[in-house]
Protein chains: 2
Amino acid sequence: MIKCLLVEDQTLVRLGLANLLNLDSAINIEAQAEDGLQALALLAEHSVDIVLLDMRMPNLDGLGVLQKMREKGDKTPVLIITTFEDCDVLVKALNLGARGYVLKNIELEELISAIKQVVAGERVLQSAVTDFLLKKQLSPQLCLTDKEQTVLQCMSLGMSNKVIAKKLDNSEGTIRNHVSQILAKLDVKDRTQAVIKAINQNLI
Amino acid sequence: MIKCLLVEDQTLVRLGLANLLNLDSAINIEAQAEDGLQALALLAEHSVDIVLLDMRMPNLDGLGVLQKMREKGDKTPVLIITTFEDCDVLVKALNLGARGYVLKNIELEELISAIKQVVAGERVLQSAVTDFLLKKQLSPQLCLTDKEQTVLQCMSLGMSNKVIAKKLDNSEGTIRNHVSQILAKLDVKDRTQAVIKAINQNLI
DNA sequence: CCAACGCTATGACAGATGTCACTGTTTTTA
DNA sequence: TAAAAACAGTGACATCTGTCATAGCGTTGG
């Protein structure tokens with residue numbers, strides 16, 4: 001019997017999914033969490049074979065949960081189940097040790113099969129995802145520096161260059177240069193596109 | 001026994017929800033559709049007491065289904081069940097005769113209660129929703145027009161004024177005026193803040 | 001019918017934004 | 001240690017963005 005922790009914020013989806021999965025004789029939903037903080041609390045109490053983890057949640061999102069788990073040395077395998085086909089989040093999740101990543105439009109049988117595979121120690125990735133990994137491996141370092149991260153955060157809060165400069169105690173020209181660099185790295189043309197990308201990909 | 005047609009594109013959610021609702025002795029999911037076209041086809045075959053309708057779907061979305069139903073004179077009551085708190089869609093759905101509008105983060109008991117109320121001929125709106133209607137009634141000048149919605153959508157995709165102008169076949173100046181108007185209505189200072197607000201509030 | 005509104009458009013303007021080239025300092029790392 | 005980054009800055013430049021005033025056109029509702 002596979003013991004699962006199901007983490008999903010939407011009550012209906014969570015209960016429905018729990019019901020469906022419990023119909024399979026090999027699977028048992030031991031516990032359910034409706035946000036990241038609750039998930040961590042339940043992980044501390046229960047010992048489960050796998051965590052079924054949604055990405056977008058209030059309080060603490062999926063990546064945050066993964067991060068905290070790793071910090072605590074928790075090695076419980078995690079299968080990401082998300083609505084969004086977001087390659088960067090995927091990569092981050094994998095780097096944080098997630099063992100599988102599937103979209104919510106998956107068929108029930110496939111999901112059950114994925115759960116069993118992950119528990120058996122295998123990796124489960126959808127093809128759209130592996131494509132991206134290959135592409136990324138071929139391309140060089142386009143990672144944001146700490147300072148660029150900070151500036152991007154400010155941009156994502158809607159600040160102008162002038163405001164950011166004042167907040168970070170830099171000249172406006174410096175911020176402009178950082179912004180320019182960020183745009184190049186993210187491969188976008190202006191700050192609005194950068195912010196959209198940052199929000200969608202949880203770069204912030 | 002209340003006969004339901006459940007329309008929802010995500011397999012997991014649909015099956016899960018069907019299971020949950022069938023647990024209630026008064027409710028029976030007669031048929032399930034995974035997109036709008038299938039929903040219309042099933043409506044022609046089955047006679048049901050209520051349609052549980054998702055909004056975002058491939059092929060034909062929720063609004064499209066409502067529209068077609070009204071064109072055909074189909075008076076079956078419809079309860080919208082959606083993830084997104086989208087004011088505009090809500091208003092359109094109500095104008096097309098939807099009898100209820102609830103978010104997917106609703107509790108199961110509330111959903112069941114909502115279904116029964118709608119079948120009984122009542123209207124069911126969540127407070128988040130009525131709040132908006134009130135706000136709208138109090139300050140109609142703050143509502144985006146159709147065109148402004150369209151422009152905001154484009155902005156949220158990262159388009160520049162020039163690109164939007166070309167896409168919508170307007171002059172760049174016109175788009176600038178629309179953008180200016182949008183910023184005023186959303187009470188923000190630049191397009192980046194507008195896009196952030198639009199994304200966070202699912203205005204798009 | 002006429003007022004109100006939505007949509008389109010123009011021109012002028014100030015200020016914000018992004019790019020480039022070039023110069024330093026400090027920290028990291030190979 | 002020396003090279004490579006990251007970090008901070010300046011100035012010039014072209015372009016984009018947002019505001020404002022103004023105005024014509026079409027539709028709608030009282």
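None of these values were measured; they are calculated from a predicted model. So that the names make sense, note that chain A is the first sequence line, chain B the second, and so on, each numbered from 1.
The pair B/Asp24-B/Lys116 meets the salt-bridge criterion, since a charged nitrogen lies less than 4.0 angstrom from a carboxylate oxygen. Checked for salt-bridge contact, B/Lys104 and B/Asp54 meet the test: a charged N lies under 4.0 Å from a carboxylate O.
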* To do: Could you please spell out the steps behind the salt bridge (Lys or Arg N to Asp or Glu O under 4.0 Å) verdict for B/Arg56 and B/Glu8?
  => CA-CA 8 Å; B/Arg56 292 207 180 177; B/Glu8 158 68 50; over 6 Å; no

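At the phosphate of D/dA8, OP1 or OP2 sits under 4.0 Å from a side-chain N or O atom of A/His178. Applying the 4.0 Å criterion to OP1 and OP2 of D/dT19, one finds that B/Asn177 has every side-chain N and O outside that range.
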* To do: Go ahead and write out DNA chain C as dot-bracket, 5' to 3': ( ) for pairs within the strand, [ ] for ones crossing earlier pairs, | when the partner sits on another strand, dots for unpaired; Watson-Crick or G-U wobble, both distances under 3.5 Å.
  => ||||||||||||||||||||||||||||||

Is there any protein nitrogen or oxygen under 3.5 Å from a nitrogen or oxygen in nucleotides 14-18 of chain C, and what are the pairs?
| residue | atom | partner | partner atom | Å |
| --- | --- | --- | --- | --- |
| C/dA16 | OP1 | A/Lys162 | NZ | 3.4 |
| C/dA16 | OP2 | A/Lys162 | NZ | 3.3 |
| C/dT17 | OP2 | A/Asn161 | N | 3.2 |
| C/dG18 | OP1 | A/Arg191 | N | 2.6 |
| C/dG18 | OP2 | A/Arg191 | NE | 3.2 |
| C/dG18 | OP2 | A/Arg191 | NH2 | 3.3 |
| C/dG18 | N7 | A/Arg176 | NE | 3.4 |

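Between the C1' atom of D/dA6 and the CD atom of A/Gln181 lies a distance of 10 Å, rounded to the nearest Å. Rounding to whole angstrom units, NZ of residue A/Lys147 and P of C/dT28 are separated by 15 Å. Rounded to whole Å, atom C1' of D/dA5 lies 11 Å from atom CD of A/Glu148.
Annotation: side-chain hydrogen bond (donor to acceptor under 3.5 Å, both in side chains) contacts involving residues 66-81 of chain A, sequence neighbours excluded, comprise A/Asp74-A/Thr76.
Formation of a donor-acceptor pair under 3.5 Å by the B/Asp49 side chain with backbone atoms of B/Lys3 is found in this model.
Nucleic acid contact for B/Thr145: sugar-phosphate only, since backbone atoms but no base atoms lie under 4.0 Å from a heavy atom of the residue.
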